[in-house]
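Start at 1 and go down the list; that is how both ligands and their atoms are numbered.
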Amino acid sequence: MATKDESAAATSTGRLFTREELAKHSEYSGNTWIIIHNNVYDVTPFLMEHPGGEEVLLEQNGRDATEPFEDIGHSTDARQMMDKYKMGELVEADRTKDNSKERKDWSGKNSEDSSRCVIIKNEYFKYFYL
Ligand code: HEM
């Protein structure tokens, strides 16, 4: 049966969610759903395993965690692990312009850009641990 509810639509990469739906879900559910780069993850089974601790993930429940996730400078291994917890994506209207590809390019093809990334990362860690 056809539905007008876009959030109920299924895609090849999972279900579609609205930001509002995630925010509401975090109020009543025992699960931890977060948004990273317009993708929606259920990190509930990962809370205890997360090397950064469960608290940081719980704080982001129902929210867009793209910025804190990128600020930490997660490794390629961490990014591969994420696929396991992906439930779907945000509906088109709720998506932000995603620059993950630029941020993820650590290939060193452009050495000037690569060094700038390292400097930014180091500065972040300085602030983060102060
Ligand atoms: C599905 C999502 C996530 C996965 C799979 C993941 C995975 C990981 C992994 C594997 C590490 C070890 C270091 C590395 O390999 O980069 C790590 C560290 C960390 N993560 Fe995450 N993470 C996720 C989301 C987040 C989010 C949303 C935040 C912040 C709000 C966060 C904060 C941290 C912190 C603070 C550390 C410790 C960094 C350090 O001590 O150097 N993570 N994470």
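For the pair S26 (side chain) and A23 (backbone), a donor-acceptor distance under 3.5 Å is present. Using modelled atom types, one side-chain atom of H74 and one backbone atom of F69 make a donor-acceptor pair closer than 3.5 Å. Using a distance-only test at 3.5 Å, with no hydrogens or angles considered, a donor-acceptor pair links the side chain of R63 to the main chain of E59. Side chain of N61 to backbone of I34: no donor-acceptor contact under 3.5 angstrom is found.
Counting non-hydrogen atoms of other residues, nucleotides and ligands closer than 6.0 Å to NZ of K24 gives a total of 12 or fewer.
Contact atoms of ligand 1 toward S75: 14 (C), 15 (O), 16 (O) (distance under 4.0 Å to a heavy atom of the residue). Counting the atoms of ligand 1 from 1 in the order shown, those under 4.0 Å from a heavy atom of A65 are 27 (C). Near M82, meaning under 4.0 Å from any of its heavy atoms, are these atoms of ligand 1: 1 (C), 2 (C), 5 (C). Each of the atoms 1 (C) of ligand 1 lies under 4.0 Å from some heavy atom of V43. Every atom of ligand 1 is numbered from 1 in the order shown, and the set under 4.0 Å from a heavy atom of Q60 is 30 (C). If you number the atoms of ligand 1 from 1 as listed, the ones under 4.0 Å from a heavy atom of F46 come out as 3 (C), 4 (C), 5 (C), 6 (C), 7 (C). Contact atoms of ligand 1 toward M81: 5 (C), 10 (C) (distance under 4.0 Å to a heavy atom of the residue). Of all atoms in ligand 1, listed by their number and element, those nearer than 4.0 Å to a heavy atom of F69 are 3 (C), 23 (C), 24 (C), 25 (C).
For the 3.5 Å distance criterion, the side chains of T32 and D42 fail to qualify, holding no donor opposite an acceptor.
Checked for salt-bridge contact, E89 and R15 miss the test: no charged N lies under 4.0 Å from a carboxylate O.
Considering backbone and side-chain N/O atoms, H74 comes within less than 3.5 Å of an N/O atom of ligand 1. Ligand 1 has no nitrogen or oxygen under 3.5 angstrom from a nitrogen or oxygen of D77. Considering backbone and side-chain atoms alike, Y41 places every N or O at 3.5 Å or more from each N or O of ligand 1.
The side chain of I72, and not its backbone, has at least one atom closer than 4.0 Å to an atom of ligand 1 (non-hydrogen atoms only; side chain from C-beta on). The proximity of E59 to ligand 1, defined as any non-hydrogen pair under 4.0 Å, does not occur for either the backbone or the side chain.
Within the structure, the side-chain hydrogen bond (donor to acceptor under 3.5 Å, both in side chains) test picks out no pair touching residues 45-57 (sequence neighbours left out).
Residues satisfying the side chain to side chain donor-acceptor pair (under 3.5 Å) criterion with D64, sequence neighbours excluded, are R19, T66.
With T32, L57, V56 as candidates, the residue nearest to atom 26 (C) of ligand 1 on a non-hydrogen basis is L57.
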